[in-house]
Amino acid sequence: MEFKSGFVTIIGRPNVGKSTLMNSIIGEKIAIMSDKPQTTRNRIQSIYNDDNNQIIFLDTPGIHKPKNKLGEYMVKVAKETLNEVDLVLFMVDESKKIGPGDKFILEYLEGIKTPVVVVVNKIDLLNPVDYKSVFEFYSSIDYVKEVVGISALNNRNVGDLMEIIKGYMEEGPMYYPDDMITDQPERAIVSEIIREKVLLYLRDEVPHGVNVQIESMKGRENKDLVDIEATIICEKNSHKGIIIGKQGRKLKGIGKSARQEIERLLGSKVYMELWVKVRPGWRDNEGMLKNYGYASKK
Ligand code: GDP
Ligand code: MG
């Protein structure tokens, strides 16, 4: 069997269950902060791998009716992204009424070239009659290729949806190592924020020899809370003492101001644990440097 791969993006109003579906597909609770305002395009959200497929789920900037120039720009960028992927999943939920948010997205999708599959989520909350009318409404739209009902929360029909998605993938390469489930660009940014605070708090006391490794970063399910574990790595024991400070005061200050900035970035509460470790000569050691790289990691 030929190897297939491709890019998929999920759009839909907030709270329809996009993150829940991602978790259900990838099977791990990873931090997915896709509802937050974004400026970057084509960010990888997560990657699905099996023996014959690699499906890369991309984050698309939110699609809302633009209120200003920046909004217009974001909508334009989103449209370009939608045209570049292999499949667009438009997710709606059990609401029987098609609201203005959905209407806007529907009109918007009309102009794109990529196939659109509508995913009706939360069918556990719909009776068959209501489901039928939602199903018929979306089926009647000519650019909609298929309509699938699922319950992301209960993992119902998610397997069927995956088969449908795979049907839209084409013969292609494995773009990313198969043990990589997300590139978590947030990690790199978070690490930079912490490093910047360390440097700010230390002024020139510990010149350059500081790196920050994000040990883990996970969104708590259904909560606007992200747990972060990070290690500040320095070269000497004396540096460690300086970073921690008297009665741990400096480290606390670093942690607090980093946390506040990260909360603003992610738009959710952050619970952060910070450690300080000494790794003599880490800057000269290639293996260690790789470890601190942001590329492929689980
Ligand atoms: P997102 O904003 O589109 O990413 O939505 P979330 O994935 O954060 O889900 C929003 C809420 O809907 C959460 O409270 C989920 O637990 C809930 N939810 C998601 N999928 C389902 C489902 O299939 N059934 C039910 N009953 N609730 C769901
Ligand atoms: Mg979400």
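As the structure lists them, so they are numbered: ligands from 1, and atoms in each ligand from 1. FYI, the numbering just counts along the sequence from 1.
- Within the structure, ligand 1 lacks N154 among the residues with a heavy atom less than 4.0 angstrom away.
- Near L125, meaning under 4.0 Å from any of its heavy atoms, are these atoms of ligand 1: 26 (N).
- S139 places a side-chain N or O within donor-acceptor distance of the main-chain N or O of F135, the cut-off being under 3.5 Å.
- Look at D124 and R156 and you find no salt bridge, because none of the NZ, NE, NH1 or NH2 atoms lies under 4.0 Å from a carboxylate O.
- Contact atoms of ligand 1 toward N15: 1 (P), 2 (O), 3 (O), 5 (O), 10 (C), 12 (O) (distance under 4.0 Å to a heavy atom of the residue).
- Considering backbone and side-chain atoms alike, L153 places an N or O below 3.5 Å from some N or O of ligand 1.
- Under the 4.5 Å side-chain heavy-atom criterion for ILVMFWY residues, no single connected hydrophobic cluster contains both I244 and V278.
- At least one N or O atom of G17 sits closer than 3.5 Å to an N or O atom of ligand 1.
- A side-chain donor-acceptor contact under 3.5 Å links N83 to the backbone of K113.
- Annotation for ligand 1: atoms under 4.0 Å from non-hydrogen atoms of S151 are 22 (C), 23 (O), 24 (N).
- Every salt bridge (Lys or Arg N to Asp or Glu O under 4.0 Å) that D227 has, sequence neighbours left out, goes to R220.
- A donor-acceptor pair under 3.5 Å is formed between the side chain of Y201 and the backbone N or O of G253.
- When non-hydrogen atoms are compared, ligand 1 lies under 4.0 Å from the side chain of D124 (C-beta onward) but not from its backbone.
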Exercise answer: donor-acceptor pairs, residues 163-171 side-chain atoms, under 3.5 Å, sequence neighbours excluded:
from, atom 1, to, atom 2, distance (Å)
E163, OE2, K166, NZ, 3.3
K166, NZ, Y48, OH, 3.3
K166, NZ, D50, OD2, 3.0
Y168, OH, E146, OE2, 2.8

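- The closest approach between any non-hydrogen atom of A152 and ligand 1 is below 4.0 Å.
- Only the side chain of N121 comes within contact range of ligand 1, with a heavy atom under 4.0 Å; no backbone atom does.
- Among K122, R13, M22, the residue whose heavy atom sits closest to atom 28 (C) of ligand 1 is K122.
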